There are 2 protein chains.
Amino acid sequence: MAQIDTPALLVDLDALQRNMDAVHGRILAAGLRIRAHGKAHKCPPIALLQIAGGAHGICCQKLGEAEVFASWGIHDVLVTNQLVGEAKAERAARLAGRVRLAVCADDPAQVEALAAAAARHGTCIEVLVELEVGQGRCGVAGPDAAVSLARLIAGHGPALRFGGLHAYRGSAQHLREPAARQKAVEEACARVREAVAALTAAGLPCDTITGGGTGSYAYELASGLYTEVQPGSYVLMDVDYAANQPEPGAATLAHALQGLCTVISAQEGRAVLDGGLKAFAVDSGLPRVLAPGWKVASVSDEHTVLVPDPAAPETPQPLAVGQRLRVLPGHCDPTVNLHDWLVAIRGEQVEAVWPVAARGALF
Amino acid sequence: MAQIDTPALLVDLDALQRNMDAVHGRILAAGLRIRAHGKAHKCPPIALLQIAGGAHGICCQKLGEAEVFASWGIHDVLVTNQLVGEAKAERAARLAGRVRLAVCADDPAQVEALAAAAARHGTCIEVLVELEVGQGRCGVAGPDAAVSLARLIAGHGPALRFGGLHAYRGSAQHLREPAARQKAVEEACARVREAVAALTAAGLPCDTITGGGTGSYAYELASGLYTEVQPGSYVLMDVDYAANQPEPGAATLAHALQGLCTVISAQEGRAVLDGGLKAFAVDSGLPRVLAPGWKVASVSDEHTVLVPDPAAPETPQPLAVGQRLRVLPGHCDPTVNLHDWLVAIRGEQVEAVWPVAARGALF
């Protein structure tokens, strides 16, 4: 540990395993498939652990991420996003020759491009219709549009295969009260039920209904409707998710992801760490420092300023230049994306250094 | 242009040149040195243009950035930050054998480690005392501490050389009113003046007094105190800096940095772009979309949602899947750090693809 230069991102392997055991156990017991979201960690060794721990496959948000996971031997990948344009359709068609690839669509233009490319390559891409379920982002508006798009997809067999529905309500994940998350998922489920009924009536059955995340998956499990869930952050955790009140009976997930920083300046009443917003993403709030009595006052590009926390029960011990402290990132996904490596530790021992191989895979 | 996959970051070379001409012309006319801040772009080809355009050297915030700039032939580099720990002192001492290297210090521990390493390598590191001038971050508190640390540095010759003061008030850069920025800089200058007087009286003259940024450099120029200024964002610009009211007579800087995105979903009343907060940093506000009548409603990891802007004078034209739009990032520095490449364009022609070679240089 002493030889790790800072700022670095640590992954506590025992905590990661506990998080996997808790979440995977629950999903598998409910009889659903786990499609672990690789966008949270972008790290193939973690994806492989998730699959070894019962995940059916991986999902991700970018085709470039899917290509990276495929190159590490992951054979079942869902891109939970729309692929647009000739270049991406071409790459998707090639990738479908190597792995079981599914993607989402909400517009005929996406479907036509994928169909043409897959036909050229003689491969088959599974396409899920994305249904808007309250996220206000991508997705067709309702049952009629879902049927119409699913029919277009099914008509492009064998290049395309209609796989079912992608129905993700990201905004449900961070509602702090379990009852609010439950209500949001139930609203989403009502829309999914309508669409499934219309698709079934049209002779277009849904093999897969996929969605849910770390904050809400318990309610997708309970719905009796989803066939798989897509938790991602559960394996690493962050301050934002930790602010969620867990649903009754749920295990508290551990902060497997931790930043390691060095105090580079210590002046009267403050100390400064060597990692800022280029090391720890702040889109969902500031990082938290593991130094009793201290709190994060502000973050700039390459600095985090600590000050005594008047609300803390502990008296802050003086911090000295050179001292190393751990911080918990506010939001794990974009934080991991700022780093090239994760340092996998068990206790105080470094067990591995893992590449964030899909970092920056924007395309 | 049509072959650039999205999301991508474009640099408009004509705009970049105009920004350089405007800012460099003003600084050189005032007789100060330009130390262009490489943390804003992390891109050696831009740094080399800045030097060709009159910059004396480059500064950056991380030793790893300095190493990258050095490897591209930049011979004068200031790290505007404290280097802490044996490993970094060792690397700094080596780097000082290849370029003129200056770093900041505000604690004897930093100085001792640098001195020992430079002595081992037979090199000389210039050390500036960082003075706290209202930023509330790093920096010694006042004249006495500055003299004491400068004396320690000077006593370590020839391994170390006391270079002067680093006095940067980052918080002044984004005060919207020019008068507020001027006041903040004048407060900083009062502290600098006291410290310079004490150092001079102690026989420790300051060759260099450095600080200032894109938002405030006009006032550091006017102070008659600073010997060099450190603008960074001026060359690229972003939405946050564009919200500053320019000081009287100053040229308006152009948005040389622009994101290029594709519409991946278009539903009733909204459209979704293929770049989110992993492509455009949101720590200083949302990006702005260049589509008349539309505005950015929200940003998530890989999506930007556009909605009609009721405040816009234009009627929003419908957006279709596949359409490409430009966006202006909220904050240039951490946005560039999310990309591996910058696509340098002139008009609609791609002239070069430049590596963001110091991306992720956290150490």
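This is a predicted model, so every value here is computed, not measured.
Residue A/Gln135 does not touch chain B at all, counting heavy-atom pairs closer than 4.5 Å. Using a 4.5 Å cut-off between heavy atoms, A/Arg324 makes no contact with chain B at all. Residue contact with chain B, scored on non-hydrogen atoms closer than 4.5 Å, involves the backbone of A/Val263 exclusively. Residue contact with chain A, scored on non-hydrogen atoms closer than 4.5 Å, involves the side chain of B/Glu65 exclusively. In this structure, the portions of A/Lys39 lying under 4.5 Å from any heavy atom of chain B include both its backbone and its side chain. Contacts of A/Gln267 with chain B are made by side-chain atoms alone, with heavy-atom separations under 4.5 Å and no backbone atom involved. Within the 4.5 angstrom heavy-atom criterion, only side-chain atoms of A/Arg270, from C-beta onward, approach chain B.
Ranked by heavy-atom pairs shorter than 4.5 Å toward chain B, the options A/Ala279, A/Gly322, A/Gly136, A/Ser300 are led by A/Gly136. Across B/Gly139, B/Ala281, B/Ala271, the residue that shares the most heavy-atom pairs under 4.5 angstrom with chain A is B/Gly139. By number of non-hydrogen pairs under 4.5 angstrom with chain A, the leading residue of B/Glu86, B/Lys88, B/Glu130 is B/Lys88. Of the listed residues B/Ala141, B/Pro334, B/Ala297, B/Gly85, the one with more heavy-atom pairs under 4.5 angstrom with chain A than any other is B/Pro334. Per-residue counts of heavy-atom pairs under 4.5 Å with chain A were compared for B/Thr262, B/Asp333, B/Val282; the largest is that of B/Asp333. Listed options B/Val272, B/Leu362, B/Val305 were ranked by heavy-atom pairs under 4.5 angstrom with chain A; first place goes to B/Leu362. Considering only heavy-atom pairs separated by less than 4.5 Å from chain A, the leading option among B/Gln82, B/Glu302, B/His331 is B/Glu302.
In this structure, the side chain of A/Asn337 engages the main chain of A/Gly360 through a donor-acceptor pair within 3.5 Å. No donor-acceptor pair closer than 3.5 Å links the side chain of A/Lys42 to the backbone N or O of A/Arg359.
The CG atom of A/Leu338 sits 10.0 Å away from atom NZ of B/Lys278, with the distance rounded to the nearest 0.5 Å.
Ring planes of B/Tyr241 and B/His174: tilted class, angle from 30 to 60°. Note on ring orientation: taking the six-membered ring where Trp is involved, the planes of A/His339 and A/Phe280 are tilted (angle from 30° to 60°).
Legend: residues meeting side-chain contact (heavy atoms from CB on, under 4.5 Å) with B/Asp107, ordered by chain and number and at least two apart, are A/Val321, B/Ala109, B/Gln110. For A/Leu152, the side-chain contact (heavy atoms from CB on, under 4.5 Å) partners at least two apart in sequence or on another chain are A/Pro108, A/Val111, A/Glu112, A/Leu149, A/His156. The salt bridge (charged side-chain N to carboxylate O under 4.0 Å, His left out) search around B/Asp144 returns none, not counting sequence neighbours.
Here the closest heavy-atom approach between residue A/Cys43 and residue A/Trp354 is recorded as SG-CB, 3.6 Å. Heavy-atom minimum distance, A/Gly134 versus A/Ser171: O-OG, 3.9 Å.
Contact of the B/Asn81 side chain with the A/His303 side chain is registered, since non-hydrogen atoms from C-beta on lie closer than 4.5 Å. Side-chain contact between A/Leu273 and A/Val327 is present, with heavy atoms from C-beta onward closer than 4.5 Å. Side-chain contact between B/Leu277 and B/Asp301 is present, with heavy atoms from C-beta onward closer than 4.5 Å.
Contacts from residues 1-8 of chain A to chain B, taken as heavy-atom pairs separated by less than 4.5 Å, involve A/Asp5, A/Thr6, A/Pro7 in sequence order.
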